[in-house]
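One structure is given below, encoded as C-alpha cells.
What you are looking at is a predicted structure, and each value in this text was computed from that prediction instead of being measured. Side chains are part of it too, since the values below use all heavy atoms of this structure and drop only hydrogens, waters and symmetry mates.
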Amino acid sequence: MPALPPTPAASFASDNAAGVSPQVMDALVAANTGPALAYGDDRWTEAAVDELRDLFGAPIEAVWCWGGTGANVVGLATLLQGWQSIIATDTAHIVVDEAGAPVRFSGSTITAVPHVDGKLTIEAVEPFVEWQGTEHHVQPRVLSVSQVTEMGTLYTPDELAALATYAHGHDLLLHVDGARIANAVAASGGDIRRMIVETGVDVLTFGLTKNGAMYGEAVIYLQPELATNARFVRKQAGQLPSKARFVAAQASALLADGLWLANAAHANEMAALLADLVADIPGVEVPVAPQANAVFARIPWERFAELQAWSFFWEWDPAASLVRWMTSFTTTEDDVRTFADGVRAILASAPAGPTGAPS
C-alpha cells in the first residue's frame, strides 16, 4: 500500500485559491506612486483600454469592475429592460452561483434551459424565441454562455458563431461570461479575435482574477453603442472602483508579453497532466479528457470525505460520484504528482470507520 504523502501546497478546489502573479504584484506596487484622479480618469486606465483595443483589433469599449459576478451584472443589465429575459443553461454561473444578482439588478428574468455538455444549444432556445411579440410572455433579449463552461467544456469558434448568427437573426444579443476566457483562448490556439470578435459576440466578461490578478474584471462591449449606459449601470451596481488605476495596472501586466495566455496555458497543461496521472488509479474514472483547467473525475463516493479532508476540493455531482479538480497558473508539476499520489494512497487503503479508525 503506498504511503500517504503530505498535502500538496496547491489547492485543487478552485483557481480562485491561487495567489497573484508576481508581475501583477509588481504592477500594483509601481502604480502606487503619487496621486491619480479617481474613477478611471488616469493614465493606467487609458493605457489598459488601449491595450484591450489592440488585443481585440476593434474599437471596443471597456469598463472595469470589482469581480466576476459584478461584471456579469453590469454587462447584462446594460442590455436589458425589465420585460426582457436572458436565456442561459441550467448550469450557468449566472443561474447557479450568483444568488440571483443578475435578476435583481437588471430587473429581468433568466430562463434556464437544459445544457448539452455544459453548452447552450439553438434547439433549447427556439421555443422561447417563439414568445417574441406576445405581450403575455417575457421577451428574450440575451443569450448568455460561459467560456469555459461550468462543465469544463469549450465552445468552438464555429459554435459561438452559430449562436451569434442565430441571436442576431432574431434581434437577440450574445453575452459571454469569460471568467476563464484566457483558458479557453489558450486551449484553442491563442487567437481571441477568432473566438470573440469574428464570431459576433456582443459583450464579454473578460476574466482577470482566476488568471493571476488580485481582483478586477473587465466588461468588453464589442459593439461600442451597447456601452452607452454602461457607466451608469456600473455605478448603481456598486462596481465602480474609485482607485481604478489598480485594476487597470493589473490588466496591463497580464496583457504584457502574453502573460495572460502563458498563465492559462500552464493551468491547462497541469490539468492534462493530472488527468493522465489519475487515469490508472483503481476506482477513478475521468469520463472526458480536460479541455481547459478542470478535471472531472468519478471516485468511489464512500471515500470522498477522506480525500476531501486530506486535500480539499469540491464535490460536483454526488449522484454521479463526480468531483471537480481545478488547476491554476501557480500549480506545479510536483503539486500534481503529490495530489495524484495521495488519491492513489487513500483509495488503496482500508476505508476509515465512523470515528476515523479503519473499519
Side-chain angles (χ1 to χ4, degrees), residues 15-16 18-78 176-183 185-186 192-193 196-197 201 203-224 226-264 329:
D15 38 9
N16 264 331
V20 178
S21 276
Q23 299 92 327
V24 170
M25 193 67 79
D26 290 344
L28 284 166
V29 172
N32 191 34
T33 303
L37 291 180
Y39 307 118
D41 190 10
D42 61 79
R43 63 182 176 86
W44 291 270
T45 298
E46 182 180 1
V49 172
D50 285 343
E51 288 155 9
L52 285 171
R53 288 175 177 148
D54 288 343
L55 178 69
F56 287 91
I60 59 95
E61 290 294 333
V63 296
W64 309 108
C65 297
W66 287 110
T69 294
N72 282 338
V73 164
V74 171
L76 291 166
T78 305
V176 172
D177 177 353
R180 295 186 175 95
I181 191 64
N183 301 90
V185 174
I192 196 168
R193 297 182 188 182
I196 299 298
V197 181
V201 170
V203 179
L204 167 70
T205 299
F206 189 81
L208 304 173
T209 309
K210 291 181 170 67
N211 195 38
M214 182 180 290
Y215 62 90
E217 317 282 283
V219 183
I220 308 294
Y221 295 89
L222 283 301
Q223 296 186 52
L226 295 175
T228 301
N229 299 318
R231 285 166 175 77
F232 300 101
V233 174
R234 178 178 62 171
K235 181 66 174 182
Q236 282 197 329
Q239 285 297 311
L240 173 58
S242 60
K243 298 182 180 181
R245 58 171 152 164
F246 294 108
V247 181
Q250 293 179 78
S252 292
L254 286 170
L255 293 175
D257 301 320
L259 178 62
W260 70 293
L261 287 178
N263 280 353
F329 72 97

D50 CG to L255 CG distance, which is reported to the nearest 0.5 Å: 11.5 Å

Interatomic distance, K210 atom NZ to F329 atom CZ [nearest 0.5 angstrom]: 13.0 Å

Parallel, tilted or perpendicular: rings of F56 and F206 (30°, 60°): perpendicular

Chi angles and distances behind the side chain to side chain contact (heavy atoms under 4.5 Å, CB included) call for V185, L261: CA-CA 7 Å; V185 174; L261 287 178; 3.7 Å; yes

Any L222 side-chain heavy atom under 4.5 Å of V203 side chain: no

D177 and N72 side chains, donor-acceptor separation under 3.5 Å: yes

Any side-chain donor near an acceptor of the partner, N16 and T209, under 3.5 Å: no

Test item: E217 side-chain N/O and L208 main-chain N/O as donor-acceptor pair under 3.5 Å: yes

Note: E61-R53 ion pair, threshold 4.0 Å (strictly below): yes

Heavy-atom donor-acceptor pair, R193 side chain to L55 backbone, under 3.5 Å: yes

Ionic contact status for K243 with D42, cut-off 4.0 Å: no

Donor-acceptor under 3.5 Å (R245 side chain, A31 main chain): yes

Candidate pair W44 and V247, rule side chain to side chain contact (heavy atoms under 4.5 Å, CB included), full reasoning: CA-CA 9 Å; W44 291 270; V247 181; over 6 Å; no

Nearest-0.5 Å distance that lies between atom CG in D26 and atom CD in Q250: 12.0 Å

N263 side-chain N/O to N211 backbone N/O, donor-acceptor pair under 3.5 Å: yes

Minimum side-chain heavy-atom gap W260-I192 below 4.5 Å: yes

Flag side-chain contact, heavy atom, 4.5 Å: V201 against V197: no

Heavy-atom donor-acceptor pair, Q239 side chain to W66 backbone, under 3.5 Å: yes

CD1-CD1 distance between I196 and I220, expressed to the nearest 0.5 angstrom: 10.0 Å

Pairwise distance CZ(R231) to OH(Y39) - rounded to 0.5 angstrom: 15.0 Å

Rounded distance (nearest 0.5 Å) linking atom OG1 of T205 with atom CG of L76: 7.0 Å

Polar side chain donor-acceptor pair, Y221 to T78, under 3.5 angstrom: yes

